Enquirer: 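Can you keep this structure in mind? I'll have questions shortly.
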Amino acid sequence: MTDSPNNLDTLRQRIDEIDNDILRLISARAECAKQVAEVKTKSDKGAVFYRPEREAQVLRRIMELNQGPLNSEEMARLFREIMSACLALEQPTKVAYLGPEGTFTQQAALKHFGASAVSMPMAAIDEVFREVEAGAVNYGVVPVENSTEGVVSHTLDSFMDSSIHICGEVVLRIHHHLLVADTTLRDKVSRVYSHPQSLAQCRKWLDAHYPRAERVPVSSNAEAAKMIKGEWHSAAIAGDMAAKLYGLEKVAEKIEDRPDNSTRFLIIGSQHVPMSGEDKTSIVVAMRNQPGALHDLLEPFHRHSIDLTRLETRPSRTGVWNYVFFIDFKGHVDEPRVAAVLEEVRLRASELKVLGSYPVGVL
Ligand SMILES: O=C(O)C(=O)C[C@]1(C(=O)O)C=C[C@@H](O)C=C1
């Protein structure tokens with residue numbers, strides 16, 4: 001095929017026709033979503049508009065049906081945005097996240113809820129919990145574990161004091177960059193700001209490239225990006241969103257020590273999420289401090305062939321809960337075999353709290 005204007009015109013005409021179809025179909029879908037909202041509003045149980053299990057099913061189905069040339073993730077991202085806009089028609093969704101603006105948590109909120117949700121930065125993880133509990137926002141997004149550095153203990157601790165449920169999870173590939181402002185003297189960098197976890201995730205790179213620079217931990221990567229404005233000898237480690245937001249330049253890209261560096265975030269809210277077909281459950285269990293306690297706790301999972309995906313121990317902050325374990329496993333509390341295991345665990349533990357069952361992250 002030649003690149004003649006004729007061919008280009010024909011193809012663009014074809015694209016216009018396809019766009020007409022897409023426009024008509026998206027509008028028909030949005031019309032359906034408005035009707036769904038009416039059905040939900042009439043329900044006597046109180047309207048719940050956001051349905052994580054249905055969204056996961058929609059995205060999984062699209063990914064399965066997709067035959068290219070766009071890859072399935074790309075296609076799912078497009079549908080993610082269509083659903084986000086449809087949900088906004090039903091009810092504007094307010095989401096609190098660990099701020100300030102430009103953090104990876106904001107990126108996770110955007111990835112999970114799409115661009116039509118209204119996201120609001122909070123100064124601390126417990127503030128995100130408080131806003132959700134108070135009903136000031138519909139949902140919250142908090143980081144929970146990083147593949148290099150491990151658990152975000154603030155988040156786990158917040159669950160101990162709260163009645164909040166987990167409604168979903170989202171995993172984000174984390175890429176860190178070394179950023180400078182236009183006023184920074186690049187060969188005189190003597191200080192690097194970032195969140196302690198990010199500094200740790202880039203430790204080897206910093207040792208090799210800036211062995212003498214002071215590493216200054218701050219409350220978030222976005223805060224680091226904000227701070228270097230006006231400091232001629234400072235750089236920050238942060239991600240793309242912060243770089244863009246604060247107009248910084250990348251001196252070096254993707255400086256994380258491990259290429260598979262990723263962070264898992266939780267979506268918190270107050271609803272019970274029905275089964276989606278591929279779910280996870282998170283629980284917190286307190287055991288008495290006695291030999292064999294951990295074995296007793298895990299044995300029923302093993303016997304019922306339930307896959308554990310994470311096990312975390314936290315020191316108890318109350319007298320009764322000597323040992324506190326955070327456990328994630330595959331399955332949903334509404335499945336009989338999961339209910340059976342939880343019943344056994346309840347008998348062996350001094351305290352058991354189900355934090356929630358939710359769809360395994362799709363995107
Ligand atoms: O199926 C529903 O319950 C809808 O509200 C529709 C829809 C969608 O656009 O597909 C929108 C929002 C929900 O979170 C899930 C799905």
Side-chain angles (χ1 to χ4, degrees), residues 19 21-66 70 72-97 105-120 128 131-132 135-142 164-172 265-282 332-334 355-363:
D19 284 350
D21 289 343
I22 296 176
L23 177 65
R24 185 174 47 74
L25 292 171
I26 291 179
S27 301
R29 194 186 190 289
E31 212 38 75
C32 258
K34 277 172 74 179
Q35 289 171 26
V36 167
E38 278 171 33
V39 174
K40 287 178 183 168
T41 309
K42 283 187 196 129
S43 130
D44 41 338
K45 284 188 215 145
V48 179
F49 296 98
Y50 171 58
R51 300 291 173 92
E53 78 291 358
R54 173 66 184 157
E55 296 208 351
Q57 285 163 350
V58 170
L59 297 177
R60 285 179 198 143
R61 199 178 79 89
I62 291 298
M63 290 174 92
E64 245 172 68
L65 285 175
N66 179 47
L70 291 181
S72 294
E73 264 207 22
E74 201 68 63
M75 192 57 98
R77 264 201 292 275
L78 294 173
F79 275 81
R80 157 72 287 148
E81 285 307 328
I82 293 174
M83 269 199 295
S84 176
C86 287
L87 176 60
L89 262 188
E90 293 186 35
Q91 178 210 40
T93 305
K94 275 197 254 167
V95 179
Y97 65 92
T105 316
Q106 185 184 20
Q107 211 172 310
L110 186 67
K111 184 176 178 190
H112 190 82
F113 286 98
S116 299
V118 179
S119 63
M120 298 150 87
V128 179
E131 288 290 292
V132 177
V137 295
N138 304 96
Y139 302 96
V141 184
V142 288
I164 288 295
H165 286 279
I166 302 174
C167 309
E169 65 167 5
V170 53
V171 178
L172 204 65
F265 299 83
L266 294 175
I267 313 304
I268 56 172
S270 48
Q271 79 205 57
H272 168 87
V273 181
M275 283 194 264
S276 75
E278 205 189 332
D279 302 284
K280 256 187 199 175
T281 297
S282 299
H332 192 285
V333 278
D334 292 345
L355 301 178
S357 290
Y358 49 90
V360 170
V362 181
L363 275 176

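Here the structure is a predicted model, which is why all the values come from computation and not from measurement. Both ligands and their constituent atoms are indexed starting at 1 by order of listing.
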Enquirer: Just jot down the ligand 1 atoms closer than 4.0 angstrom to any heavy atom of Val36, in number order.
Expert: 2 (C), 3 (O), 4 (C), 5 (O)
Enquirer: Taking side chain to side chain donor-acceptor pair (under 3.5 Å) as the criterion, tell me which of Arg60, His332, Gln57 meets it with Ser276.
Expert: Arg60
Enquirer: Just to be sure I read this right, does ligand 1 sit under 4.0 Å from the backbone of Cys86, its side chain, both, or neither, counting only heavy atoms?
Expert: side chain
Enquirer: Val132 and Tyr139: which non-hydrogen atoms are nearest, and at how many Å?
Expert: CG2-C, 3.7 Å
Enquirer: How far is atom 9 (O) of ligand 1 from its nearest protein heavy atom, and which residue and atom name does that atom have?
Expert: Arg29 NH1, 2.8 Å
Enquirer: Show your reasoning for whether salt bridge (Lys or Arg N to Asp or Glu O under 4.0 Å) applies to Glu64 and Arg61.
Expert: CA-CA 5 Å; Glu64 245 172 68; Arg61 199 178 79 89; over 6 Å; no
Enquirer: Nearest protein heavy-atom contact for atom 3 (O) of ligand 1: which residue, which atom, what distance?
Expert: Lys40 NZ, 2.7 Å
Enquirer: Among all protein heavy atoms in this structure, tell me which lies nearest to atom 4 (C) of ligand 1, with the distance rounded to 0.1 Å.
Expert: Glu90 OE2, 3.3 Å
Enquirer: Hey, which atoms in ligand 1 end up nearer than 4.0 Å to a heavy atom of Leu87?
Expert: 12 (C)
Enquirer: Please tell me if the side chains of Leu363 and Val170 come closer than 4.5 Å, counting only heavy atoms from C-beta onward.
Expert: no
Enquirer: For ligand 1, is any non-hydrogen atom under 4.0 Å from Arg54's backbone (N, CA, C, O), its side chain (CB onward), both, or neither?
Expert: side chain
Enquirer: Quick one about Asn138 and Thr93 (side-chain donor to acceptor, distance below 3.5 Å, no hydrogens or angles considered), yes or no?
Expert: no
Enquirer: Say whether Tyr50, considering both its backbone and side-chain N or O atoms, lies within less than 3.5 Å of an N or O atom on ligand 1.
Expert: no
Enquirer: Does the pair Arg77 and Glu73 meet the rule for a salt bridge (Lys or Arg N to Asp or Glu O under 4.0 Å), with working shown?
Expert: CA-CA 6 Å; Arg77 264 201 292 275; Glu73 264 207 22; 3.6 Å; yes
Enquirer: Would you name the heavy atoms of Glu131 and Ala96 that are closest together and state the gap between them?
Expert: CB-CB, 4.4 Å
Enquirer: Name the closest protein heavy atom to atom 15 (C) of ligand 1, giving the residue it belongs to and the distance to 0.1 Å.
Expert: Glu55 CG, 3.6 Å
